[in-house]
Structure formats: structure tokens, C-alpha cells
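One structure is given here, and the rest of the page talks about it.
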Amino acid sequence: MDTLTVDLGDRSYPIYIASNLLSQLSSLMPVLSGRQLMVVTNTTISPLYLDNVVQLLSVHCDVDTVILPDGEQFKNLDTLNRIFTALLEKTHSRKTTLVALGGGVVGDMTGFAAASYQRGVDFIQIPTTLLSQVDSSVGGKTGVNHVLGKNMIGAFHQPTSVFIDIDTLATLPDRELSAGIAEVVKYGLIRDADFFVWLEKNMDALVSRDNQALTYAVRRSCEIKAEVVAKDEKEGGLRAILNLGHTFGHAIETAKGYGVWLHGEAVSTGMLMAVDLSVRLGWLDSSVALRTKDLLIRAGLPVSSPDDMTPEQFLSLMAVDKKVVDKQLRLVLLTALGEAVTTSDFSHKALGETLLAI
Ligand code: NAD
Ligand code: GLY
């Protein structure tokens, strides 16, 4: 088993990564003994993993469950309220612990419920998609969507531990696996050129779910995320680089309707836009754009924006992004493979060209 630490002083927490990790849950959670737990999951994951998880956790604790509808379109305040209702109906106290069993949607909503229930309770992440294993379960960003903008309502609230069982990826649909690979490619682009090269060599192994390749990709991604979060937990600066391609991607997700393009698919096209713009600005060698496009295609990801989205639509949706400060659009761009900056200092003419080209 690999154990990483997200180093945040007295709120530091472990990330456990292994195959067949779920079977070790009860031995890894002795501190929960005697406490109330609420496992939050959805209608797709519940028949696959919920009984097993509840049985293992029940060794130490009283375990209740709440099963949410599945889908990004349900990541909203109405669904969040179901978690609060379940907690109140089962008289969960301030000492309760919430357990997110699922992908990023379940994780983000459970985390936000934990941030706000009785002004804040503990929560644990058990991510079951590649995207949530390499990104959303680590770092404490929690929240829900608003019809006017993605992830616009939320809080920073760190989990107390993250349990990543690589074997849960066996049941993940191919399209969801590819969506997770988009965030893995992101780490190579923003922080680690060697990892990007490793991905070029191992993309076929990842797509065919080779266990060793998946384990390494998850571990390296979590290491990079943990390092960035430890340096800048609340996104005062550095952490924004984790949003490479996301400003473009969120515009696609909002325009198409939540859940039509998967988050990782929108990020894939968005990353290519950010890379293309970096090349147009003269900051990045054009070979990086070609290599990025090739890698994303090999991962089964989209590399062009929806046919029916205009540059004007992009610009108006990008104007409500969380990285807009004082009405100035800020973007994550690359200055080299493995090196990213967040800046508003770019030519808007070049941005317009990128929006037409990709
Ligand atoms: P998701 O949670 O919607 O899961 C994708 C699909 O896979 C769902 O249908 C789900 O039920 C199903 N599923 C999950 N695990 C499965 C398994 N093991 N076997 C079979 N099916 C399984 O999507 P996601 O890609 O995990 O997460 C996307 C969300 O994460 C977005 O809302 C995005 O905004 C958010 N996100 C948050 C952060 C953060 O830092 N908090 C970072 C990145 C993304
Ligand atoms: N997914 C971006 C972040 O966690 O900051």
C-alpha cells in the first residue's frame, strides 16, 4: 500500500492507495470506533460497493446511508438537502463523520454537507472514479453547481483521510476512465515534464486498465496535487494552476447543460485551448501542442469544442469563472512543458484565434 500525506499542519491527512483497499477499511479506521457514520453514495455505486463498505465499517460504528440520484445535473442545493434531511432524521450529532463513496459529484456534495452540517463535521473520501482518485477527493474543494455557473456554491473543507482502491476502477465505464485520464495529463502539463513523457509511453496501458500503470498514475497525480495544496490550500496563487483548461471547460459544461459533456472531456478540450493559446503567445513550443493533442486522442478524449459554441458564447461564460478578479479574465497558461502560470496578461486577439481554431 502507498501512503501519502497532505501536509496541512494539524489538519494533515493520509491518502491510502492500493488494490483491494476496501477490505482493509475497518483496520485503517480504528479512531472511528463508537462514532456515528453517514455513508453518502448514489444509485449507480450503491449496488456495486455499498453493502461491502457498510459491513466493514459497522465493525466499529453505527452506519447510516443516503443514496442520491446519479449525475452532474443533480449536483445542486436540492440534492444536498437530502443529505441534511438524512442526517437530521437519524439524529446525527456534531461528532458524526460523513463518508463519500463515489466519484467527484458525490465527493464534492458530501464534503460541502460536512462543511456546513452543524457548522462543520468530519468527512472521509472513498473515491471510485479515476477523476476523483487523482483530483477531486484530495484538497478539500467542496460544493455544488448553480444554473448560472459550475461549482459556484461551496467551501474549502479538508477530509480526514482518503481511501483509494484501484480495483474499483474495474467497473468504471470506458468514457469515465478517459475523463479521469484528462486530469492525469493535466499534472504532466503543469508540473512534471517527466510524467508527461511517462504518459506518452504508458497511455495504452492506462486505457487498457493495466493495474500497475493505473496505480503509478494515481500515485504520481496525488503526489503533485498534495504538494500544490500543501503550498496553497485556499488558492491564493499557485493552486490555480490545477485549473489548467478548466475556465474553457466550465464554459462548455455550462453551455451544453451539466452532464452532457463529462467534466474530464470538457477539461480535455479546455487544456488544448490553453496550450494552443500559450503557443500563439510565443511562450511554448508548438511541438507541445501536437504532443498534447496526440496524447488526449489516444486517451479517447475530445480535442475540439462543441460545433454549436461560438467564441462569443465562450467569452460570456468564461466571464463568470471563479478566476475572474475585478472583471479581468485570468487563465492558466504554459511557459514550458511542466511549467504553468496564472495570468491576465495575454493578448485577447490571440484568445479569439484560439477559440476559433480549437
Ligand atoms: P461522477 O461523480 O459523476 O462519476 C462518473 C460516473 O461514474 C457516475 O455515473 C458515477 O455514478 C459512476 N461511477 C462512479 N464510480 C464508479 C465505479 N467504480 N464503477 C462504475 N461506475 C462508477 O464524475 P467524476 O468524473 O468522478 O467527477 C466529476 C465531478 O468532480 C464534477 O462535478 C467536477 O466539478 C468535480 N471535480 C471536483 C474537484 C475538486 O477539487 N473538488 C476536482 C475535479 C473535479
Ligand atoms: N481541481 C482543482 C483544485 O483542486 O484546486
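Numbering of ligands and ligand atoms starts at 1, following listing order. Throughout, numbering of the chain's residues begins at 1 and tracks the sequence. For the numbers below, each heavy atom of this structure counts, side chains included, while hydrogens, waters and symmetry mates do not.
- Checking His263 against Glu253 by side-chain atom types alone, a donor-acceptor pair falls below 3.5 Å.
- Of all the heavy atoms of Asp70, the ones lying under 4.0 Å from any atom of ligand 1 belong exclusively to the side chain.
- For atom 14 (C) of ligand 1, the nearest protein heavy atom (residue, atom name, distance) is Thr129 CG2, 3.2 Å.
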Start with the C-alpha gap between Phe346 and His348, add the side-chain angles, then the distance that decides, and say whether ring-ring contact (aromatic ring centres under 6.0 Å, His included) holds.
-> CA-CA 6 Å; Phe346 54 83; His348 283 246; 4.9 Å; yes
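- The closest non-hydrogen atom to atom 39 (C) of ligand 1, taken over Ser136, Gly71, Ala100, Pro47, comes from Ser136.
- Residues Leu331 and Thr343 are not in side-chain contact: their nearest non-hydrogen atoms beyond the backbone lie 4.5 Å or more apart.
- No part of Val138 comes within 4.0 Å of ligand 1, judged by heavy-atom distances.
- Residue contact annotation: Lys150 has a non-hydrogen atom under 4.0 Å from ligand 1.
- Backbone and side-chain nitrogen or oxygen atoms of Lys141 are examined, and one is located within less than 3.5 angstrom of a nitrogen or oxygen of ligand 2.
- A donor atom on one side chain and an acceptor atom on the other are not found under 3.5 Å apart for Thr5 and Asp7.
- The nearest non-hydrogen atom to atom 21 (N) of ligand 1, considering only Pro173, Gly107, Gly104, Gly139, comes from Pro173.
- Residue Arg239 has at least one N or O atom closer than 3.5 Å to an N or O atom of ligand 2.
- The nearest protein atom to atom 1 (P) of ligand 1, hydrogens excluded, is given as Val105 CG2, 3.9 Å; this is a heavy-atom distance.
- Those atoms of ligand 1 with a heavy atom of Asn42 less than 4.0 angstrom away are 10 (C), 11 (O).
- Listed by number with element, the atoms of ligand 1 under 4.0 angstrom from any heavy atom of Thr44 are 11 (O).
- The nearest protein atom to atom 15 (N) of ligand 1, hydrogens excluded, is given as Thr128 OG1, 2.7 Å; this is a heavy-atom distance.
- Contacts between Thr142 and ligand 1 below 4.0 angstrom, taking non-hydrogen atoms only, are absent altogether.
- Near Lys75, the atoms of ligand 1 lying under 4.0 angstrom from a non-hydrogen atom of the residue are 31 (C), 32 (O), 33 (C), 34 (O), 35 (C).
- For the residue pair Ser19/Asn211, the side-chain donor-acceptor check at 3.5 Å is satisfied.
- Under a 4.0 Å criterion applied to the non-hydrogen atoms of Thr168, ligand 1 contributes the atoms 17 (C), 18 (N).
- For ligand 1, the atoms closer than 4.0 angstrom to any heavy atom of Leu48 are 19 (N), 20 (C).
- Counting heavy atoms closer than 4.0 Å to ligand 1, residue Leu262 contributes nothing at all.
- For atom 1 (N) of ligand 2, the closest non-hydrogen atom of the protein is Asp135 OD1, 3.1 Å.
- You'll find the side chain of Asp122 stays beyond 4.5 Å of the side chain of Leu98, heavy atoms only.
- No more than 12 heavy atoms of other residues, nucleotides or ligands shown are found within 6.0 angstrom of CD on Gln55.
- In this structure, Asp308 places its CG atom where more than 12 heavy-atom neighbours from other residues, nucleotides or ligands lie under 6.0 Å away.
- A donor-acceptor pair shorter than 3.5 Å can be found between the side chains of Thr168 and Gln133.
- Counting heavy atoms closer than 4.0 Å to ligand 1, residue Asn151 contributes side-chain atoms (C-beta onward) but none from N, CA, C or O.
- For the side-chain hydrogen bond (donor to acceptor under 3.5 Å, both in side chains) test with Asn151, the passing option among Lys75, Lys141, His246 is Lys75; the others fail.
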Give the intermediate values and the outcome of salt bridge (Lys or Arg N to Asp or Glu O under 4.0 Å) for residues Glu200 and Arg291.
-> CA-CA 8 Å; Glu200 290 182 309; Arg291 287 168 68 189; 2.8 Å; yes
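- Looking at Lys141 against ligand 1, both its backbone and its side chain come within 4.0 Å, counting heavy atoms.
- Thr142 and Asp108 are not linked by any side-chain donor-acceptor pair at a separation below 3.5 angstrom, with hydrogens and angles left out of the test.
- Under the 3.5 Å distance criterion, the side-chain polar atoms of Asn202 are left unmatched by any main-chain donor or acceptor of Ala213.
- Heavy atoms of Leu172 found under 4.0 angstrom from ligand 1 belong to the backbone as well as the side chain.
- The side-chain heavy atoms of Ile124 and Phe163, taken from C-beta on, include a pair separated by under 4.5 Å.
- The part of Leu131 lying near ligand 1 is the side chain, judged by heavy-atom distances below 4.0 Å.
- Here the protein heavy atom with the shortest distance to atom 2 (C) of ligand 2 is Asn243 OD1, 3.5 Å.
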Could you walk me through whether Phe112 and His157 pass the ring-ring contact (aromatic ring centres under 6.0 Å, His included) check?
-> CA-CA 7 Å; Phe112 190 32; His157 188 61; 9.6 Å; no
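- When heavy-atom distances to ligand 1 are checked against a 4.0 Å cut-off, Thr171 comes that close through both its backbone and its side chain.
- Considering backbone and side-chain atoms alike, Lys225 places an N or O below 3.5 Å from some N or O of ligand 2.
- Near Tyr49, meaning under 4.0 Å from any of its heavy atoms, are these atoms of ligand 1: 18 (N).
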Might you work through the side-chain hydrogen bond (donor to acceptor under 3.5 Å, both in side chains) test for Ser344 and Gln328, ending with a clear yes or no?
-> CA-CA 7 Å; Ser344 54; Gln328 274 221 314; 3.2 Å; yes
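- If you check which protein heavy atom lies closest to atom 31 (C) of ligand 1, you get Glu72 OE1, 3.1 Å.
- Of the protein's non-hydrogen atoms, the one nearest atom 35 (C) of ligand 1 is Asp108 OD2, 3.4 Å.
- For Lys225, every heavy-atom contact with ligand 1 shorter than 4.0 Å involves the side chain, none the backbone.
- A donor-acceptor pair under 3.5 Å is formed between the side chain of Tyr258 and the backbone N or O of His146.
- When the options Lys225, Arg11, Arg239 are evaluated for a salt bridge (Lys or Arg N to Asp or Glu O under 4.0 Å) with Glu233, the one that passes is Arg11.
- Short contacts between ligand 1 and Asp135, defined as distances under 4.0 Å to a heavy atom of the residue, involve ligand atoms 42 (C), 43 (C).
- Ligand 1 lies nowhere less than 4.0 angstrom from a heavy atom belonging to Glu265.
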